[in-house]
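Below: the structure, in structure tokens.
All of these numbers come straight from a predicted model, not from anything done at the bench.
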Amino acid sequence: MTGNTHVVVIGGGYAGVMAANRLTQRDDVTVTLINPRPELVHRVRLHQLVGGSDDAVVAYQDVLSERVRLLVDTVTLINAAGRSVTLADGGVLAYDYLIYAVGSGSAEPSVPGAAGFAYPIASLEEARRLRAVLDATPATAPVTVVGAGPSGIETAAELAEQGRRVTLVCGGVLGPYLHTRGRRSVAKRLADLGVTVVDGTGTKVTAVTRDAVRLADGRELPSEVTVWTVGFGVPDLAARSGLSTDAVGRVLTDETLTSVDDERILAAGDSAAPSGLALRMSCLNATPLGARAADTVLSRLAGEQPEHLHQSFSAQCVSLGRGAGIYQFANRSDVAVPLYIGAGLAAKIKEAVCQGIPKHLSGEAHKPGSFSLHRMPGGVAKRRQLLRAHRAETPATPDGAGTPATADRAA
Ligand SMILES: Cc1cc2nc3c(=O)[nH]c(=O)nc-3n(C[C@H](O)[C@H](O)[C@H](O)COP(=O)(O)OP(=O)(O)OC[C@H]3O[C@@H](n4cnc5c(N)ncnc54)[C@H](O)[C@@H]3O)c2cc1C
């Protein structure tokens, strides 16, 4: 390719900003980042927005390179054949390469009443709406958090710390990723905060009403505010645009993050499914995937062979209010082991992670090419082993059959 190359990045989250910044290494590449809001949503702090201890936004001027053009708009369609995207304002933007980084949001709830009466928290607008509802609700009113993955546990702890009467409905086990020892520690901290944990068989929610939550075992829990944290979904833009996706809607790519349909389209972050084996949805994966997608584009422009993904990730870090947390270690197959860090030290690690993300993005804005976590050696063998196991148990189908219809966040 000669002359200037225009790369369009859809989505200004962790993956998109990292990719956009990294592409500025070359003077002959112009980058446009399209995002619906004029600020970066620091999603890992959305439960803090709900609890009132953070606003969960970061100014783009602090994390985005001056060389990246930010277009505040929403892409409504990708025209792969014509190499262009259509914008909500009616405009059309041409690209040479496209990086798809639209992230994730709340999965559409299928439980009767949940869509009308429960409050999800996976987007800025949802978290702000819930915050306003809580502000207008007496502190003594019963609040129910549905879902005991990391987001549910963090939200329950955050609200209890604010003096709310919180019940956490697990629909099964508390913190499914956690080892029994780690789970015990989380249960103790939640009990200390006054959270009532409802777990075990029969605790799946079957209906939500204006003032109650009904469980499969017939119990009805009074609930003035119901918070819904049951799984993430992804935007349907790729599927609507005719790109191959997995069952959740993530773009199917190869191990260089290139779409299986089109060499000029790449995907990164929560909305990518490399080889149909998506990495767990997390900022810890999104940022390195953004760097990897940019590297693939840069390699192609340089006439070099792009490197393959070798992400290694096996742990979960969950905050339990402002002063405590758990850092759950896992083995190389990503199964939790008895070892964990708890209490105040885990809270400090979690806070360091939250502060570290904008620092990584800002570092890449000022010194493009400096981020290197996606190049850390060690993940290749594990990724290959996972891919072999995945291919053995799932026949290779373009629609990614076998993948769950929703996914929870990973870390
Ligand atoms: C409460 C909460 C706590 C979390 N805590 C952690 C944690 O502790 N650790 C961790 O690893 N992960 C955590 N996560 C998950 C983490 O936030 C996500 O995995 C991460 O944000 C994914 O990054 P991304 O760049 O792929 O997408 P996102 O951060 O979702 O960004 C995608 C961007 O694309 C934009 N977009 C979407 N559609 C379009 C379109 N059509 N046109 C233009 N732009 C579009 C979106 O508005 C958004 O700005 C948490 C999530 C939540 C909700």
Inset, instruction - Enter the distance from Glu307:CD to Leu309:CG here, rounded to the nearest 0.5 Å. - result: 10.0 Å
Inset, instruction - Report the distance from atom CG of Asp199 to atom CZ of Arg183, rounding to the nearest 0.5 Å. - result: 9.0 Å
Inset, instruction - Over all heavy atoms of both residues, which pair between Ala346 and Ile326 is shortest? Give the atoms and the distance, please. - result: CB-N, 3.5 Å
Legend entry - Check ion pair Glu125-Arg37 (N to O, under 4.0 angstrom): yes
Inset, instruction - Please name the pair of heavy atoms, one in Val41 and one in Tyr14, separated by the smallest distance, quoted to 0.1 Å. - result: O-OH, 4.1 Å
Inset, instruction - Could you walk me through whether Tyr97 and His6 pass the side chain to side chain donor-acceptor pair (under 3.5 Å) test, one step at a time? - result: CA-CA 7 Å; Tyr97 283 93; His6 184 211; over 6 Å; no
Inset, instruction - Measure the spacing between CD1 of Ile357 and CG of Leu284 and express it to the nearest 0.5 Å. - result: 6.5 Å
Inset, instruction - Could you tell me whether the side chain of Arg165 and the main chain of Ala139 form a donor-acceptor pair under 3.5 Å? - result: no
Legend entry - Value rounded to 0.5 Å, distance of CD1 in Ile121 from CD in Glu158: 10.0 Å
Legend entry - Ser275 side chain vs Leu277 backbone, donor-acceptor pair below 3.5 Å: no
Legend entry - Thr203 side-chain N/O to Gly172 backbone N/O, donor-acceptor pair under 3.5 Å: yes
Inset, instruction - Kindly compute the distance separating OG1 (Thr229) from OH (Tyr119), expressed to the nearest 0.5 Å. - result: 16.0 Å
Inset, instruction - With sequence neighbours excluded, tell me which residues meet salt bridge (Lys or Arg N to Asp or Glu O under 4.0 Å) with Arg43. - result: Asp270
Legend entry - Backbone N/O of Val29 and side chain of Thr5: donor-acceptor pair under 3.5 Å: no
Inset, instruction - Kindly write out the residues that satisfy ring pair (Phe, Tyr, Trp, His ring centres under 6.0 Å) with Tyr100, not counting sequence neighbours, or none if the list is empty. - result: none
Legend entry - Heavy-atom pair with the smallest gap, counting every atom of Gly152 and Leu168: O-CD1, 3.9 Å
Inset, instruction - Let me see the working for Thr140 and Arg164 under side chain to side chain donor-acceptor pair (under 3.5 Å), right down to the final yes or no. - result: CA-CA 6 Å; Thr140 49; Arg164 296 271 167 192; over 6 Å; no
Legend entry - Salt-bridge contact Arg280-Asp334 (side-chain N to carboxylate O under 4.0 Å): yes
Inset, instruction - Spell out, as yes or no, whether a donor-acceptor pair under 3.5 Å connects the side chain of Glu220 to the backbone of Leu215. - result: no
Legend entry - Lys/Arg-Asp/Glu bridge criterion (N-O < 4.0 Å) met for Arg45, Glu351: yes
Inset, instruction - Spell out, as yes or no, whether a donor-acceptor pair under 3.5 Å connects the side chain of Lys204 to the backbone of Gly171. - result: yes
Legend entry - Test item: Asp96 side-chain N/O and Val7 main-chain N/O as donor-acceptor pair under 3.5 Å: no
Inset, instruction - Could you tell me how the ring of His374 sits relative to the ring of Phe371: parallel (under 30°), tilted (30 to 60°) or perpendicular (over 60°)? - result: parallel
Legend entry - Reported CG-to-CG distance for the pair Leu266 and Leu257, which is rounded to 0.5 angstrom: 7.0 Å
Legend entry - Minimum heavy-atom distance Gln328-Val337, with the two atoms named: NE2-O, 2.7 Å
Inset, instruction - Could you list the residues that satisfy side-chain contact (heavy atoms from CB on, under 4.5 Å) with Ser65, not counting sequence neighbours? - result: Asn21, Thr24, Arg67, Val68, Ala365
Legend entry - Flag, side chain of Ser372 to backbone of Arg375, donor-acceptor distance under 3.5 Å: no
